[in-house]
A.B. asks: 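Supplied in structure tokens, the structure appears directly below.
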2 protein chains.
Amino acid sequence: MSIATVSRVQRGLHGVTPATRELVLDAIENLRYRPSSLARGLASRHHGATGIVFPDLSGPYYADVILGYEGEVVARGESLLILGTHEREESSELVLDLVGRVDGLLVMARTVPDDVVRALGRDGVPVVLLGRPPVGRIPAVRERSFESAVHLTEHLLHGHGHRRLVFIGDPSLSPDVAERWRGFADAHRRAGLEAPAPVLCRFREADGHDAALRALSEPARPSGLVCGNDEMAIGACGAAERLGLRVPADVAVTGWDDIPLARFLPSHLTTVRQPTRELGATAARLLFDLIGGSSLAESESLPTELVVRASCGCTRNDDSRHQEVAPT
Amino acid sequence: MSIATVSRVQRGLHGVTPATRELVLDAIENLRYRPSSLARGLASRHHGATGIVFPDLSGPYYADVILGYEGEVVARGESLLILGTHEREESSELVLDLVGRVDGLLVMARTVPDDVVRALGRDGVPVVLLGRPPVGRIPAVRERSFESAVHLTEHLLHGHGHRRLVFIGDPSLSPDVAERWRGFADAHRRAGLEAPAPVLCRFREADGHDAALRALSEPARPSGLVCGNDEMAIGACGAAERLGLRVPADVAVTGWDDIPLARFLPSHLTTVRQPTRELGATAARLLFDLIGGSSLAESESLPTELVVRASCGCTRNDDSRHQEVAPT
DNA sequence: TTGTAAGCGTTATCAT
DNA sequence: ATGATAACGCTTACAA
């Protein structure tokens with residue numbers, strides 16, 4: 001019994017007599033033989049694994065994306081390496097290290113700069129981006145943040161007649177936030193209004209709290225706060241409460257992401273639901289296309305859903321009304 | 001310049017002249033040389049990676065554990081493979097496959113049966129368990145669910161004078177729940193009472209809802225519902241509301257895990273906080289000890305914290321009072 | 001201190 | 001249909 005025959009049987013190649021196949025299978029069973037993934041990878045020049053680089057795992061957003069991605073990966077019998085960058089200094093090196101252990105990489109927003117992504121592309125590593133714009137020929141999967149921002153802002157502007165809306169969040173910190181801000185400003189423009197400068201802040205609840213406090217203390221108090229994500233919106237609601245302002249009677253507040261907490265918030269947060277799972281799954285499909293040699297891997301953008309609850313000023317008949325944002 | 005010298009330089013071994021070291025380093029830089037992790041692993045007989053097997057990623061619990069684990073892993077310059085079992089049929093095979101790609105494995109509760117864990121142990125693979133009892137010589141990291149259950153139940157029994165408490169959850173579905181049920185029953189016994197049979201249900205909000213509906217429709221209505229986790233407790237609160245019962249005036253409700261939502265719940269959920277992050281980090285340290293050849297890797301159990309809010313019947317002075325459950 | 005060469009456990013290319 | 005044997009790109013004695 002030669003080693004080559006075993007290799008053939010074990011990979012299910014044809015060119016083996018059923019008799020010997022059985023023989024080999026038996027031996028494999030008896031000896032509890034497991035091929036070495038290391039040796040196999042070295043010889044066949046691929047890892048049988050892909051990686052995903054995400055910024056953090058607090059909050060359900062990234063967990064869901066990973067879940068969607070993982071489903072596709074497991075369905076293909078591949079393995080999945082993960083790396084959280086957590087705003088670490090050495091993130092780029094960690095990614096560069098990770099890339100040596102996989103056949104392809106999904107890189108999410110807020111992890112490593114475009115330079116690094118570009119470097120990966122130059123090395124010929126299949127890469128897909130998520131939640132950030134394409135870099136060169138590297139495709140990206142995104143949700144339609146711009147469109148949903150326009151939709152949401154117009155709802156506030158025209159549905160509720162707001163005239164002093166303020167955007168809370170820092171467009172320079174994340175491509176998503178940038179898109180949302182752009183949609184916010186664009187909706188204003190279309191309505192013949194000018195959007196005031198965004199109140200810059202980071203992504204966490206406390207950041208939104210502080211920013212809202214600042215915004216609401218301005219002489220001309222805003223009538224509505226459009227926050228870059230739900231965490232920030234929750235902080236904003238807290239700030240309003242602290243100032244003795246009611247939501248939405250005195251000030252409207254909206255978020256992004258529809259985290260589970262959103263529907264339990266006293267103010268019943270109006271927000272935008274992302275197709276998180278589908279985002280991850282789509283990215284996986286794209287990445288495997290790329291790995292498979294397909295060169296026609298195109299960037300995709302997925303539709304979002306406006307979740308209208310009460311914090312925008314709507315009366316809350318049913319739990320929530322959803323409006324899908326149509327593709328543009 | 002020989003290949004061996006490069007290998008030495010690259011791994012920072014001593015026995016290399018500073019001069020040649022510089023030379024090699026330069027070449028590495030210029031040629032953008034990256035050692036093949038596959039070849040390196042094959043030769044040195046280790047993967048430089050460990051794996052973590054978890055049931056699911058919905059809810060913050062597992063995400064936090066993974067985060068704690070990941071921190072330790074990255075600090076050691078190792079990689080991390082993940083596998084969610086999601087109650088899939090082929091989970092065991094997936095784990096058996098994963099184990100061939102790592103130097104060690106962290107296996108969480110509710111993923112694969114003890115048989116599979118035992119099989120891994122027989123193969124000599126370093127394994128650490130989390131949230132489930134040790135299997136043979138395979139160590140486990142756990143939170144003190146039993147102790148916290150006793151603590152919580154006694155709070156309800158003696159602090160609030162409850163006499164008809166019901167436990168919601170299925171002890172047979174998860175070792176954690178089993179421990180909690182055991183503590184619940186034990187606290188009753190110590191008080192000279194007998195705990196009624198648990199109302200069996202699965203882990204999600206809807207499951208808790210249904211179970212609570214059943215429990216609260218009994219002729220002798222329970223005065224308190226001790227739920228196996230926060231999701232179930234949220235469902236239970238919903239069920240109470242649906243029956244026109246107020247929490248905690250008509251029925252007390254408690255949970256486990258202290259998910260972010262818990263403090264925003266209208267009923268201000270009293271619950272038990274797990275040291276999730278620390279659980280993951282501890283498991284990682286244990287696993288690396290094991291991989292390092294240490295045979296004195298002992299199981300550990302970490303203290304939990306009772307988070308008293310309002311749903312147990314306590315008046316809500318400050319946001320929440322915490323009581324650490326002392327080691328036993 | 002540096003170089004040589006024998007593995008590591010597969011796959012892949014030839015012969016047979 | 002099967003068996004030898006040369007890669008694959010490192011680590012690791014051992015030699016120089």
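What you see is a predicted model, and the numbers here were worked out from it, not measured in a lab. Order of the sequence lines sets the chain letters (A, B, ...), proteins ahead of strands, with each chain counted from 1.
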A.B. asks: Using the C1' atoms of five pairs at each end, what's the angle between the two axes of the helix from C:dT1-D:dA16 to C:dT16-D:dA1, to 10 degrees?
C.D. replies: 40°
A.B. asks: Classify A:S37 by what it touches in the nucleic acid, base, sugar-phosphate, or nothing, heavy-atom distance under 4.0 Å.
C.D. replies: nothing
A.B. asks: Is the distance from OP1 or OP2 of C:dG9 to the nearest side-chain N or O of A:S36 less than 4.0 Å?
C.D. replies: no
A.B. asks: Any side-chain N or O of B:T20 under 4.0 Å from OP1/OP2 of C:dT1?
C.D. replies: no
A.B. asks: Within the structure, does a side-chain N or O atom of B:T5 lie under 4.0 Å from either OP1 or OP2 of C:dT2?
C.D. replies: no
A.B. asks: Ignoring hydrogens, what is the shortest heavy-atom contact between A:V107 and A:V127? Give both atom names and the distance.
C.D. replies: CG2-CG1, 4.1 Å
A.B. asks: Answer yes or no on whether B:R110 is positioned over the face of B:F203, meaning its NZ or CZ is under 6.0 Å from the six-membered ring centre and within 45° of the axis.
C.D. replies: yes
A.B. asks: Considering every strand and a 4.0 Å limit on heavy-atom distances, what is the contact class for A:R21: base, sugar-phosphate, or nothing?
C.D. replies: nothing
A.B. asks: Just how far, in rounded Å, is C1' of D:dA4 from CE of A:M1?
C.D. replies: 15 Å
A.B. asks: Grab the N/O contacts between the protein and nucleotides 11-15 of chain C below 3.5 Å, and write none if there aren't any.
C.D. replies:
{"unit_1": "C:dT11", "atom_1": "OP1", "unit_2": "A:R40", "atom_2": "NH1", "d": "3.2"}
{"unit_1": "C:dT11", "atom_1": "OP2", "unit_2": "A:S7", "atom_2": "OG", "d": "2.2"}
{"unit_1": "C:dA12", "atom_1": "OP2", "unit_2": "A:R11", "atom_2": "NH1", "d": "2.8"}

A.B. asks: Using the side-chain contact (heavy atoms from CB on, under 4.5 Å) rule, take A:L105 and A:V95 through it: C-alpha gap first, then chi angles, then the decisive distance, then the call.
C.D. replies: CA-CA 9 Å; A:L105 216 50; A:V95 171; 4.0 Å; yes
A.B. asks: I would like to know whether A:E143 and A:S145 meet side chain to side chain donor-acceptor pair (under 3.5 Å); could you show each step before the answer?
C.D. replies: CA-CA 6 Å; A:E143 74 271 7; A:S145 280; 3.2 Å; yes
